[in-house]
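Below is one structure, written out as structure tokens, with a few remarks after it.
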Protein chains: 2
Amino acid sequence: MSVENHAADDAATAFASHDHSTCRAQALQAADDLAAAQGVRLTPVRRRTLEILLETHRALGAYEVLERLGAEGFGSQPPVAYRALDFLVQHGLAHRVQRLNAFAACLSPGHDHAPAFLICRACNKVAEADAPEIRSALRAAAVGVGFSVERMTVEALGLCDACAAAERPE
Amino acid sequence: MSVENHAADDAATAFASHDHSTCRAQALQAADDLAAAQGVRLTPVRRRTLEILLETHRALGAYEVLERLGAEGFGSQPPVAYRALDFLVQHGLAHRVQRLNAFAACLSPGHDHAPAFLICRACNKVAEADAPEIRSALRAAAVGVGFSVERMTVEALGLCDACAAAERPE
DNA sequence: CAGACATGAGTTATCTCATAACATTACGGT
DNA sequence: ACCGTAATGTTATGAGATAACTCATGTCTG
Ligand SMILES: [Zn+2]
Ligand SMILES: [Zn+2]
Ligand SMILES: [Zn+2]
Ligand SMILES: [Zn+2]
């Protein structure tokens with residue numbers, strides 16, 4: 001397998017040890033591109049918020065982000081964080097993880113997607129898994145009962161291989 | 001199609017007009033059976049909580065349930081509701097809807113399942129859709145990246161046919 | 001039956017997550 | 001320079017969830 005960085009690889013890399021600076025750089029580049037392409041303004045708070053999310057593959061709570069922002073001279077009240085995070089989510093630069101009431105940077109922004117999330121309950125890392133079959137299966141089940149799907153949430157809680165190995169000899 | 005009441009029918013019925021007393025009676029019967037079968041105690045608060053959830057196909061917030069309980073002479077503090085709800089979820093008599101931070105009675109309890117939910121954003125009704133293909137697809141995607149799934153959340157937000165029809169001539 | 005133990009129900013207090021409402025500042029077009 | 005809009009900031013409050021403790025009730029044992 002090559003060393004390319006497709007979306008499909010994200011899930012694999014998130015839990016494995018890897019050169020994370022690439023993750024960060026790529027996502028930030030994509031964000032800058034998007035801002036330039038569409039007239040969107042990736043302001044300092046917004047960009048910094050994205051950088052904070054990109055520091056880890058864990059999902060961060062809004063208040064966790066806020067604390068960081070406040071410490072760096074930005075506003076220190078909840079709406080500051082929520083607005084920046086909402087912006088990122090809105091523009092596909094971050095995702096909200098329902099299960100954790102938390103946010104994670106998107107690692108393959110630009111190609112509009114709503115991935116499934118794999119959440120390790122031990123290390124708290126989150127991986128995006130692009131699984132179109134899941135989405136189409138759900139959509140199919142929905143039309144069968146007269147329901148039109150607009151947005152969907154697919155999240156799995158479990159153990160990544162690393163944590164599974166670490167837990168076994170408990 | 002016959003008038004049987006399988007799990008597969010639930011999704012269809014939830015959004016359609018139907019004889020809801022059957023939903024209620026069936027679910028309560030199943031709950032009583034389960035309590036009798038396993039040594040589990042379906043105490044007054046717990047049973048009443050289930051009844052409250054069963055009044056509607058909407059998902060109710062814990063505080064909504066609590067208000068009802070309190071008004072009927074049960075405890076009026078959050079833990080009362082949360083404990084009863086946790087019990088019901090634990091024993092498969094209710095589900096938690098992540099997207100809404102709310103709870104809905106299970107309409108086909110007993111046969112241990114973790115269904116997908118269809119949530120109408122207009123009427124707020126929630127339907128369970130048993131869709132095994134979704135679960136297996138997600139599980140498959142997970143093993144591919146070294147992740148073992150323990151629990152999964154599949155929820156779709158959208159419009160039921162009735163609400164779609166009502167919304168069109170806006 | 002008394003005592004010991006477990007489970008459930010109730011309370012108060014507190015915590016985390018999220019948004020409403022409004023004042024202030026920065027930006028872009030004319 | 002001027003104005004309108006978008007972004008940032010603030011205070012205050014709403015909504016969801018849990019910790020920690022007390023009390024009642026039921027069950028098992030001797
Ligand atoms: Zn990385
Ligand atoms: Zn892990
Ligand atoms: Zn019904
Ligand atoms: Zn509806």
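Below, chains carry the letters A, B, ... as their sequence lines are ordered, and counting in each starts from 1. Values below: all heavy atoms of this structure, side chains included; hydrogens, waters and symmetry mates excluded.
Of all the heavy atoms in Ser21(A) and Asp19(A), the pair that sits closest is OG-OD1, 2.7 Å.
By the side chain to side chain donor-acceptor pair (under 3.5 Å) test, Arg47(A) is found to be paired with Asp32(A), Glu51(A), residues two or more places apart in sequence or in another chain being considered.
Residues in residues 71-86 of chain B take part in these side chain to side chain donor-acceptor pair (under 3.5 Å) pairs, two or more places apart or across chains: Arg48(B)-Glu72(B).
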I'd like a list of close polar pairs between nucleotides 11-15 of chain C and the protein, N/O only, cut-off under 3.5 Å.
from, atom 1, to, atom 2, distance (Å)
dT11(C), OP2, Ser76(B), N, 3.1

Atom pairs under 3.5 Å, N or O on each side, protein against nucleotides 5-7 of chain D: can you list them with distances?
from, atom 1, to, atom 2, distance (Å)
dA7(D), OP1, Arg46(A), NH1, 3.4

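Rounded to whole angstrom, the span from the CG atom of Leu66(A) across to the P atom of dC17(C) amounts to 11 Å. The distance from atom CG of Leu42(B) to atom P of dG8(C) is 12 Å, rounded to the nearest whole Å. Look at CG on Leu69(B): it is 11 Å from P on dA9(C), rounded to the nearest Å. Straight-line distance from the CD atom of Gln98(A) to the C1' atom of dG16(D): 14 Å, rounded to whole Å. When the P atom of dT18(D) is taken as reference, atom CG of Leu85(B) falls 11 Å away, rounded to whole Å. Whole-Å rounding puts the Asp86(B) CG to dG8(C) C1' distance at 14 Å. If you measure from atom OH of Tyr82(B) to atom C1' of dA15(D), you get 8 Å, rounded to the nearest angstrom.
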Only pairs under 3.5 Å count here: list side-chain donor-acceptor contacts from residues 115-122 of chain A, not counting sequence neighbours, and write none if there are none.
from, atom 1, to, atom 2, distance (Å)
Arg121(A), NE, Glu150(B), OE1, 2.7
Arg121(A), NE, Glu150(B), OE2, 3.4
Arg121(A), NH1, Glu167(A), OE2, 3.1
Arg121(A), NH2, Glu167(A), OE1, 3.4
Arg121(A), NH2, Glu150(B), OE2, 3.0

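A donor-acceptor pair is defined here as one N or O able to donate and one able to accept, closer than 3.5 Å; no such pair exists between the side chain of His57(A) and the backbone of Ala104(A). Remark: side-chain polar atoms of Arg46(A) are paired, donor with acceptor, to backbone N or O of Arg41(A) under 3.5 angstrom. With hydrogens and angles ignored, the 3.5 Å screen pairs no side-chain donor or acceptor of His95(B) with any backbone N or O of Glu128(B).
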Verdict with supporting geometry, Glu155(B) and Arg99(A), salt bridge (Lys or Arg N to Asp or Glu O under 4.0 Å): CA-CA 11 Å; Glu155(B) 298 176 356; Arg99(A) 189 101 193 186; over 6 Å; no
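The hydrophobic cluster containing Leu69(B) also contains Phe87(B), counting ILVMFWY residues as joined when their side-chain heavy atoms lie under 4.5 angstrom apart, directly or transitively.
Of the inter-residue distances, the one linking Ser148(A) atom OG with Leu157(B) atom CG reads 10.0 Å to the nearest 0.5 angstrom.
Interface residues of residues 88-95 of chain A facing DNA chain D, ordered by number: none; criterion, heavy-atom separation under 4.0 Å.
Within a 6.0 Å radius of CD in Glu67(B), other residues, nucleotides and ligands contribute 12 heavy atoms or fewer.
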